[in-house]
Protein chains: 2
Amino acid sequence: MTEIRQPTPRRGTNLPRMGDFNLTVILEAIRRSSGGLSRVELAQIVGLSPQTISNISRRLLDQQLIVEAGKEGSGPGKPRTILRLNPAGMYAVGVHLDPAVITFVVLDLLGDVVKHSRMATPGGDPAGVITGIAEQIQALIEESGVDASKIAGLGVAVPGPIDLDEGSVVEPPLLTRWNRVRIREALADATGLETLVDKDVTSAAVAETWAGGASGAGSFVFMYMGTGIGCGIVLNDEVVRGTSGNAGEIGHIVVDPEGPQCDCGLRGCVKSSCIPQVLVAEAEAAGVLDGNRHGADGPEVQERYAELCDRADAGDERAIAILDKSATLVARAVSVVTNTLDVERVVFGGPFWGRMSPYFLDRVPGLLDRNNAARMIHGLEVVGTGVGEDVGAIGAACLVLEHMLAPRAQRLLLEG
Amino acid sequence: MTEIRQPTPRRGTNLPRMGDFNLTVILEAIRRSSGGLSRVELAQIVGLSPQTISNISRRLLDQQLIVEAGKEGSGPGKPRTILRLNPAGMYAVGVHLDPAVITFVVLDLLGDVVKHSRMATPGGDPAGVITGIAEQIQALIEESGVDASKIAGLGVAVPGPIDLDEGSVVEPPLLTRWNRVRIREALADATGLETLVDKDVTSAAVAETWAGGASGAGSFVFMYMGTGIGCGIVLNDEVVRGTSGNAGEIGHIVVDPEGPQCDCGLRGCVKSSCIPQVLVAEAEAAGVLDGNRHGADGPEVQERYAELCDRADAGDERAIAILDKSATLVARAVSVVTNTLDVERVVFGGPFWGRMSPYFLDRVPGLLDRNNAARMIHGLEVVGTGVGEDVGAIGAACLVLEHMLAPRAQRLLLEG
DNA sequence: ACTAGGGGCATCAGTGACTGAGATCCGGCA
DNA sequence: TGCCGGATCTCAGTCACTGATGCCCCTAGT
């Protein structure tokens with residue numbers, strides 16, 4: 001299947017590439033506008049001549065990616081014809097393979113969820129699980145009732161590390177038996193769909209650029225709050241994948257010099273001091289959560305973490321202290337990343353985000369600002385994602401949309 | 001002067017842009033080859049047709065950016081004409097404003113230094129210093145004897161934080177009085193040259209891409225070992241500047257949970273535990289370096305640090321221990337950055353690098369490999385820069401060359 | 001109701017960069 | 001000396017963007 005990575009050395013470009021690129025530029029402008037755009041507005045925004053806009057609009061209309069949606073006239077003159085995305089112009093399927101749960105979505109061109117489903121992650125043989133996923137995908141497509149010919153492909157979000165070239169999962173900590181499984185190939189064969197694989201946090205960042213509205217533009221870091229904590233990075237509207245697709249590994253940033261010992265030899269790393277599992281254990285040790293149910297699997301932790309948040313919401317000081325402290329620690333890790341990359345925004349999201357958000361939004365912005373090396377020059381926006389809990393699966397589907405339709409510079413270059 | 005930053009929203013592209021871009025692509029291919037390339041080879045590498053290569057070659061020859069340099073024939077058929085960069089085709093002036101010393105260079109198109117000079121950084125009023133810099137630049141250009149019409153511009157590397165939009169220095173820690181000084185404007189006016197300002201670490205990274213040979217390709221982090229420690233970031237052959245040009249601030253990454261208290265409230269940050277000034281103080285406290293000369297200004301520290309290295313080179317165990325520990329700590333910070341960005345290479349350089357390199361090259365590669373989150377997928381190359389001590393000033397000049405001639409995607413987009 | 005006016009948008013040629021086919025050039029080899 | 005093969009150039013041809021021009025559609029005034 002198509003490669004995501006950039007070839008090197010850099011290759012030239014030619015006329016058809018240019019045309020395709022401009023098409024995606026226009027599509028993106030329409031996508032990022034709130035209520036659609038007229039041809040004249042487009043010309044102004046993208047800097048191309050009105051004629052070119054007209055030509056490209058026609059191509060987009062022919063491809064049914066956009067529709068003419070009413071007119072907007074104020075004052076004399078012919079009213080502007082508004083161009084909007086056609087939600088039914090393209091669909092993509094996304095799968096998020098999480099250690100605890102597998103999420104499936106069908107997304108339309110707007111990035112809205114048409115259909116979704118979940119299943120607990122089976123513990124068995126990867127090959128069997130992959131077959132199950134493929135079946136579930138087929139069922140979901142049928143149930144969704146979308147035109148199968150409009151499905152552009154399948155995106156798969158997996159926990160890292162991954163090998164982007166191989167399209168494989170490489171020794172994910174919580175998915176034993178999934179070592180060097182070439183899931184891209186396997187799912188492409190099983191479903192017949194063009195398939196892209198990427199890391200869950202990268203997918204989440206792509207979801208934000210595609211379905212996240214204003215907070216998905218420019219340069220930002222997406223903090224993915226899941227079973228682990230990782231980040232997706234977007235610089236100048238393009239996601240950063242890294243050499244092998246493993247960018248965003250921040251688990252060993254030291255955030256608490258007095259924190260617990262980590263397997264890396266240091267103390268107080270992110271992954272040993274502020275992931276939900278650790279917080280839950282801390283709460284149990286402190287007697288905030290009763291019992292010592294050491295169920296360390298995904299859903300169990302999420303449930304216990306929700307309990308912890310319930311206590312805090314109810315006013316339990318000790319529960320609040322644990323959450324506040326976790327916010328402080330996470331903020332330190334975020335500061336490291338934002339200072340390294342000088343981004344303009346931090347977007348929080350992921351399955352655990354919903355419950356923790358009030359505690360984080362209360363403290364993190366101030367902490368980040370205080371540690372912002374570029375404090376004198378610009379602020380640092382902190383927001384929660386609008387994409388919701390299924391951001392992994394939605395992002396996976398967005399990988400496909402992004403690959404087909406985003407104005408990446410890569411698109412201009414000739415292929416090897 | 002021209003903006004470095006990318007506008008948003010993304011704008012379209014057109015025919016002339018495409019031509020210019022392809023020209024830079026070909027130039028880069030020639031630049032990155034060891035002994036020049038023929039037209040046929042170029043066609044193969046950049047993916048354009050031989051005719052296009054011929055046309056663009058003619059443009060490059062007309063502009064005197066390349067020259068035909070001999071033929072290379074093996075076997076029957078017309079021998080290939082080798083195209084090489086013409087060193088005299090373009091020059092750039094670079095200035096590195098360091099708290100201790102100001103370095104000046106004139107660079108040719110190959111990235112080789114034609115002429116260079118230094119002066120101690122005067123402590124006076126910024127306006128006066130800037131006048132002095134401008135005079136020194138004029139003198140250097142005259143002495144170098146290069147054709148003034150071939151000088152493409154002036155690059156200025158300054159310590160952060162900076163404001164890239166303003167072209168100004170913003171409260172650099174060791175340059176008091178230099179707050180919000182619009183040095184780009186001032187030097188452009190004073191010299192009449194097109195002027196670009198960027199952070200020293202970013203400039204160093206650009207130097208590596210332009211003058212560093214093979215180690216300047218692809219995705220890497222440039223660790224700048226100076227009075228402070230910072231990094232320049234290059235992803236997919238393009239330097240990362242960040243929203244305001246302040247990317248690469250890694251001073252507050254925690255690397256030693258038992259380290260000294262930092263002004264940020266944590267312990268063991270990079271800037272409080274492994275910058276030369278701290279190591280020298282440590283050595284003095286331990287009696288490795290005699291006396292307690294607390295001269296904390298730049299040249300003084302560099303001298304004392306050299307002494308420390310001398311001791312280590314001579315076999316002083318305690319001196320070696322201090323340097324080894326600093327290598328360990330720096331490696332931790334580097335790991336944070338490389339795991340966040342998943343780059344393929346780390347390049348060390350900067351004024352202090354020469355003396356510390358044996359100790360670092362001995363330990364850092366192993367430590368980085370051990371902490372590499374993508375260890376199973378790819379290795380992490382560690383090299384010292386070939387650019388030398390003046391990497392800041394050379395990088396400053398390279399900013400100009402890069403801006404004029406590098407195949408940045410940005411070049412394709414229409415301007416606002 | 002009709003007309004003037006103005007802005008949106010399409011049509012038509014024009015420019016310029018890349019491409020394909022064929023011609024030309026240049027050396028080695030028989 | 002003539003043949004051959006590879007490198008490069010010449011000459012149209014294609015196609016995306018641009019500028020000029022004109023049609024279309026709506027508002028507003030009479």
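If you're wondering where the values come from, they're calculated on a predicted model, not measured in any experiment. Each chain gets a letter, A, B and so on, in the order its sequence line appears, and its residues count up from 1.
In this structure, A:Gln63 places its CD atom where more than 12 heavy-atom neighbours from other residues, nucleotides or ligands lie under 6.0 Å away.
Contact check, B:Asn22 against C:dA17: no side-chain N or O comes under 4.0 Å of OP1 or OP2. Residue A:Arg58 has a polar side-chain atom (N or O) positioned under 4.0 Å from OP1 or OP2 of C:dT11. Between B:Thr52 and C:dA17 there is no side-chain polar atom (N or O) within less than 4.0 angstrom of OP1 or OP2. Here B:Asn55 does not reach the OP1 or OP2 of C:dC18: none of its side-chain N or O atoms lies under 4.0 Å away. Contact check, B:Arg39 against D:dC9: a side-chain N or O comes under 4.0 Å of OP1 or OP2.
You'll find that the side chain of A:Thr81 is closest to C:dC9, out of C:dT11, C:dC9, D:dC17. Of the candidate nucleotides C:dA17, C:dC25, D:dA20, C:dA17 has the atom nearest to the side chain of A:Leu15. Picking from C:dT19, D:dA7, D:dT18 the nucleotide with the shortest atom distance to the side chain of B:Ser49 gives C:dT19. Checking D:dA16, D:dT8, D:dC9 against every side-chain atom of B:Val40, the shortest atom distance belongs to D:dT8. Comparing C:dC18, C:dG27, D:dC17 by their closest approach to the side chain of A:Ile56 singles out D:dC17. In this structure, the nucleotide among C:dA17, D:dC26, C:dG8 sitting nearest to the side chain of A:Pro79 is D:dC26.
As a whole-Å value, the separation of B:Leu37 CG from D:dT8 P is 11 Å. To the nearest angstrom, P of C:dA17 lies 15 Å from CZ of B:Arg411. Taking atom CD of residue B:Gln51 and atom C1' of nucleotide D:dA7, one finds them 12 Å apart after rounding to whole Å. If you take CE of B:Met18 and P of D:dC17, they are 10 Å apart, rounded to a whole angstrom. Rounding to whole angstrom units, CG of residue B:Leu414 and C1' of D:dC17 are separated by 10 Å. Rounded to an integer number of Å, the gap from B:Ile53 CD1 to D:dT8 P is 10 Å. Atom CD in A:Gln44 sits about 15 Å away from atom P in D:dT18, given to the nearest Å. Atom pair A:Glu41:CD and C:dG8:P shows a separation of 9 Å (rounding to whole Å applied).
Taking for each of A:Asn14 and A:Ile82 the nucleotide of DNA chain C with the nearest heavy atom, the 5'-most of the two is the partner of A:Ile82.
In this structure the side chain of B:Val25 never reaches within 4.5 angstrom of the side chain of A:Arg11, judged on heavy atoms.
At distances below 3.5 Å, not a single donor-acceptor pair connects side-chain atoms of B:Arg411 with backbone N or O atoms of B:Phe21.
Looking only at atom types and distance, the side chain of A:Asp342 has a donor-acceptor partner in the side chain of B:Ser244 under 3.5 Å away. Side-chain atoms of B:Ser215 and B:Glu208 form a donor-acceptor pair, as typed in the model, at a separation below 3.5 Å.
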